[in-house]
Amino acid sequence: MRVLVTGAAGFIGSHVVESLIARGHDPVGFDLLDGSDVRDAGAVASALPGVDAVCHQAAMVGLGKGFGDAARYVSHNDLGTAVLLAAMAEAGVRRLVLAGSMVVYGEGSYACEWHGTVRPGPRAVSDLDAGRFEPRCPRCGEELTPGLVGEDAPVDPRNVYATTKLAQEHLAAAWARSTGGSAVSLRYHNVYGPGMPRDTPYAGVASFFRSALARGEAPRVFEDGGQRRDFVHVRDVAAANVAVLEAEPREGASTAYNTGSGEPHTVGEMARALALAYGGPEPVVTGEYRLGDVRHITADSSRLRAELGWKPEVGFTEGMREFATAKLRGE
């Protein structure tokens, strides 16, 4: 299969390319770093002849520095996706795998002892300032128990990046209905691994911690370190992309799959595991917070396993041990 991979020179995209080659496919790289921009209709059109499918990894990622980044996020993520899909429609390319994100859910799933499943709203600044980080039941104010989010849960993007990732999914769904194509969004969890970018405002928390350790500094853990996340290795994410491409397409349909390790860990646990593997120093819990961050978000990835036979191969301890000494992008 000949596959156009946008963002092929990036962190996840480069691993997708390697996985495609290992499975005997023919990836075609397309990346802004190489002068190829998905917002350039002519460049996209010239890359599509002979292509069987597109694996769309190109995106501006992370929370950014503030709302001032909104136009750049929309331009790179949503305009870029629209240009790509329009070119695919014109060229007759009918298979798309989209790099989605679990951020579209907002806060994760919560249960109240008295009111069952509830959806808490954004946390109040006054609570965060006071160190009250756990969301409370919006009906009775009692403590909640976090759980796993399924793909059918309502979406509730809480920041600009999350909003653009959801818009990408809607654009892909409209394209699939219009063309009879197959669109699959893999809603990635917290992806980490070799080649992760370092020292940028858009990098993930694992990269921040790893970069601090490399400087001989203690990783700085926000809030109280109890935020639950699913840290999934980049090779497993790349394998999920290949699994979708090798599966029978659903014509005229758009599908979303949660893509995580299935093993929730707290941010504090991750920082300690990484520091231990690196050889210190120990993490420092700061109590700081970022507006727009959610407290807990871990999703159920069983649908991807059941329907496509994919399963993660890199365990948390093994992955952190490797990541502690892996080369990062920019080193």
Side-chain angles (χ1 to χ4, degrees), residues 1-61 72-101 164-165 167-186 188 195 234 237-257 259 308 310:
M1 182 184 298
R2 188 170 175 83
V3 182
L4 181 70
V5 182
T6 71
F11 169 43
I12 297 175
S14 61
H15 284 272
V16 170
V17 168
E18 291 178 5
S19 291
L20 285 167
I21 293 173
R23 293 286 296 177
H25 299 292
D26 180 19
V28 179
F30 191 97
D31 196 282
L32 186 61
L33 293 177
D34 299 325
S36 300
D37 191 338
V38 291
R39 295 170 294 179
D40 182 339
V44 175
S46 66
L48 286 172
V51 165
D52 302 300
V54 173
C55 191
H56 185 29
Q57 305 295 316
M60 187 174 175
V61 300
R72 292 180 64 210
Y73 274 105
V74 172
S75 177
H76 281 276
N77 296 354
D78 299 338
L79 175 60
T81 299
V83 170
L84 173 65
L85 292 172
M88 290 173 64
E90 180 68 22
V93 180
R94 296 292 181 260
R95 297 194 65 176
L96 172 74
V97 182
L98 173 67
S101 175
T164 64
K165 296 307 290 183
Q168 284 184 307
E169 290 193 0
H170 289 321
L171 286 166
W175 167 84
R177 287 192 296 269
S178 174
T179 65
S182 169
V184 175
S185 175
L186 294 175
Y188 300 158
V234 66
V237 166
N241 279 269
V242 177
V244 172
L245 289 166
E246 293 182 341
E248 191 68 26
R250 298 177 181 177
E251 297 179 358
S254 59
T255 310
Y257 290 109
T259 309
L308 298 185
W310 169 88

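Along the sequence shown, residues are numbered consecutively beginning with 1. Only a predicted model underlies this, so the values are computations on that prediction, with no experimental measurement involved.
The minimum heavy-atom distance linking S254 with A176 is given by the pair N-CB, 4.5 Å. Annotation for D31 and G10: closest pair OD2-N, 3.5 Å, computed over non-hydrogen atoms. Minimum heavy-atom separation, K165 to A99: NZ-O, 2.6 Å. Taking every heavy atom of both residues into account, P249 and R95 meet most closely at CB-NE, 3.8 Å. In this structure, V93 and V51 approach most closely via the heavy-atom pair CG2-O, 3.7 Å. In plain terms, the two heavy atoms of P27 and L20 that are nearest each other are CB-CD1, 3.9 Å.
In E90, the CD atom is not crowded: 12 or fewer heavy atoms of neighbouring residues, nucleotides or ligands sit closer than 6.0 Å. Counting non-hydrogen atoms of neighbouring residues, nucleotides and ligands closer than 6.0 angstrom, the CD atom of E18 exceeds 12 such neighbours.
Here NE2 of H76 is found 11.0 Å from OG1 of T164. Values are rounded to the nearest 0.5 Å. Here CG of L79 is found 11.0 Å from CG of L84. Values are rounded to the nearest 0.5 Å. Rounded to the nearest 0.5 angstrom, H170 NE2 and T81 OG1 are separated by 13.0 Å. Here the CZ-CG distance, from R72 to N77, works out to 10.5 Å after rounding to the nearest 0.5 Å. Summarising the geometry, atom CG belonging to N241 is positioned 8.0 Å from atom CD1 belonging to I12; distances are rounded to the nearest 0.5 Å. Rounded to the nearest 0.5 Å, atoms CG (L96) and CG (L98) are 6.0 Å apart.
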So V38 and V83, side chain to side chain contact (heavy atoms under 4.5 Å, CB included) or not? Walk me through it. CA-CA 7 Å; V38 291; V83 170; 6.0 Å; no

Yes or no on side chain to side chain contact (heavy atoms under 4.5 Å, CB included) for V244 and W310, after CA distance, side-chain angles and deciding distance? CA-CA 9 Å; V244 172; W310 169 88; over 6 Å; no

Side chain to side chain contact (heavy atoms under 4.5 Å, CB included) for D26 and M1? Distances and angles first, verdict last. CA-CA 6 Å; D26 180 19; M1 182 184 298; over 6 Å; no

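Side-chain N or O atoms of S178 include none that pairs as donor or acceptor with a backbone N or O of A174 at under 3.5 Å. Remark: the backbone N or O of Y257 is paired with a side-chain donor or acceptor of T259 at under 3.5 angstrom. S36 contributes no side-chain N or O that, together with a main-chain N or O of L32, makes up a donor-acceptor pair within less than 3.5 Å. In terms of modelled atom types and a separation under 3.5 Å, the side chain of Y73 and the main chain of V61 share a donor-acceptor contact. A donor-acceptor distance shorter than 3.5 angstrom exists from the side chain of T6 to the backbone of A58, with no hydrogens or angles considered.
Results of the side chain to side chain contact (heavy atoms under 4.5 Å, CB included) test with S19 over V242, V234, L245 single out V242 as the only residue that passes.
Sorted by first and then second residue, the pairs that involve residues 39-54 and meet side-chain hydrogen bond (donor to acceptor under 3.5 Å, both in side chains), not counting sequence neighbours, are D37-R39, R39-S75.
With contacts defined as side-chain heavy-atom distances shorter than 4.5 Å, the pair V237/L186 does not qualify. D78 places a side-chain heavy atom less than 4.5 Å from the side chain of Q168.
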